[in-house]
Amino acid sequence: MPFDHNHHYHPTLLRLLPPGPGRALDVGCGDGRFARKLAAAGMTVEGIDASDEMITRASAAGSPGPGTTEYRRADVTTEPLELESYAFISCLASLHHVPFETVTRLRDALAPGGVLAVLGCARPSRPSDYARELVAAPANVLARLIVFAGDQLNGGADPVAKAPVHMKFPPLNDVRRDAARLLPGSTVRPLVFWRHLLTWRKPTDHPAAG
Ligand SMILES: C[S@@+](CC[C@H](N)C(=O)[O-])C[C@H]1O[C@@H](n2cnc3c(N)ncnc32)[C@H](O)[C@@H]1O
């Protein structure tokens with residue numbers, strides 16, 4: 001079934017892009033689908049992923065322009081990232097693969113005024129989180145059926161390369177607590193389909209990293 005919960009939120013994430021062209025980093029870029037959308041929006045994009053297979057697939061897909069894409073195999077917890085240099089950093093369903101404290105490396109790599117956007121996966125913590133799960137289950141079935149039917153009408157879906165997934169999710173309350181501690185002023189918005197959106201804009205007067 002081709003419906004993908006991460007791809008579903010691409011338009012939401014793209015609305016967070018700061019104006020103008022700039023440098024973007026997509027962490028855990030998988031096959032590069034979101035990185036290509038960033039390039040289509042004019043960004044100069046670097047995609048990093050721990051999987052050789054994903055980097056090979058992403059590189060093979062090229063860039064749609066007018067921006068550019070460049071991919072490298074790298075572990076975000078150790079990869080040297082140029083300080084204060086990215087206008088936009090995204091993590092789509094990848095942050096839970098690494099310790100949450102990794103956001104401090106991303107925070108330091110953001111240029112003043114830059115935006116960190118994390119489409120995260122977490123377990124429900126509050127009653128309202130559980131209520132959202134109840135909505136998600138039938139909505140998920142419906143979305144899959146609609147996409148499946150559409151694909152059948154169009155001659156069948158293209159095979160999708162599945163990125164390595166890690167199904168151990170932190171409780172959403174831990175994300176809320178750690179985001180408030182490490183990224184003061186950030187917001188954590190719960191979303192349907194077992195996702196949340198963590199957003200942080202680096203203040204222009206934020207103390208320089210390093
Ligand atoms: C669930 S997939 C999401 C892929 C893509 N962002 C998407 O939305 O389709 C998580 C990705 O994170 C990558 N990943 C896991 N640990 C990583 C790490 N330490 N550094 C960089 N990427 C990592 C995996 O290889 C995988 O491609």
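Order of appearance sets the numbers: ligands from 1, and atoms from 1 within every ligand.
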Taking the side chain as every heavy atom from C-beta outward, state whether Y9 and F193 have any pair of such atoms under 4.5 Å apart.
->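 Result yes, sub-4.5 Å side-chain heavy-atom pair found.
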
May I ask you to test the S125-R176 pair for a side-chain heavy-atom distance under 4.5 Å?
-> yes

Provide, to 0.1 Å, the distance between [atom] and the closest protein heavy atom, together with that atom's residue and name.
{"atom": "atom 4 (C) of ligand 1", "result": "G28 O, 3.4 Å"}
{"atom": "atom 16 (N) of ligand 1", "result": "H97 CB, 3.5 Å"}
{"atom": "atom 21 (C) of ligand 1", "result": "A74 O, 3.3 Å"}
{"atom": "atom 9 (O) of ligand 1", "result": "H7 NE2, 3.9 Å"}
{"atom": "atom 7 (C) of ligand 1", "result": "N6 ND2, 4.0 Å"}
{"atom": "atom 24 (C) of ligand 1", "result": "D49 OD1, 3.4 Å"}
{"atom": "atom 26 (C) of ligand 1", "result": "P164 O, 3.4 Å"}
{"atom": "atom 19 (N) of ligand 1", "result": "D75 OD1, 2.9 Å"}

Scan side-chain atoms only and decide if H196 and R189 contain a donor-acceptor pair under the 3.5 Å cut-off.
->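 Checked: H196/R189 side chains show no N/O donor-acceptor pair below 3.5 Å.
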
Decide whether N6 and R195 meet the rule of one side-chain donor and one side-chain acceptor closer than 3.5 Å.
-> yes

Any N or O on [X] sitting closer than 3.5 Å to an N or O of ligand 1?
{"X": "A93", "value": "no"}
{"X": "V76", "value": "yes"}
{"X": "L92", "value": "yes"}

Single-linkage hydrophobic cluster, 4.5 Å side-chain cutoff, L95 and I89 together = yes

What about V27 and V118, same hydrophobic cluster or not, with Ile/Leu/Val/Met/Phe/Trp/Tyr joined at side-chain heavy-atom distances under 4.5 Å?
->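 Result: yes, single cluster for both.
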
Going by the atom numbers of ligand 1, which of them fall below 4.0 Å from some non-hydrogen atom of S94?
->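 Listed by number with element, the hits are 12 (O).
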
Go through ligand 1 atom by atom and flag the ones less than 4.0 Å from a non-hydrogen atom of S51.
-> 25 (O)

Test M54 against Y71 for side chain to side chain contact (heavy atoms under 4.5 Å, CB included), laying out the working first.
-> CA-CA 10 Å; M54 287 299 124; Y71 300 97; over 6 Å; no

Non-hydrogen atom of V27 closer than 4.0 Å to ligand 1 |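 It does not; every heavy atom stays at 4.0 Å or beyond.
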
Steps toward side chain to side chain contact (heavy atoms under 4.5 Å, CB included) verdict (L172, V188) = CA-CA 9 Å; L172 189 50; V188 177; 4.0 Å; yes

Aromatic ring pairing F34/H10, orientation class (parallel under 30°, perpendicular over 60°, tilted between) = tilted

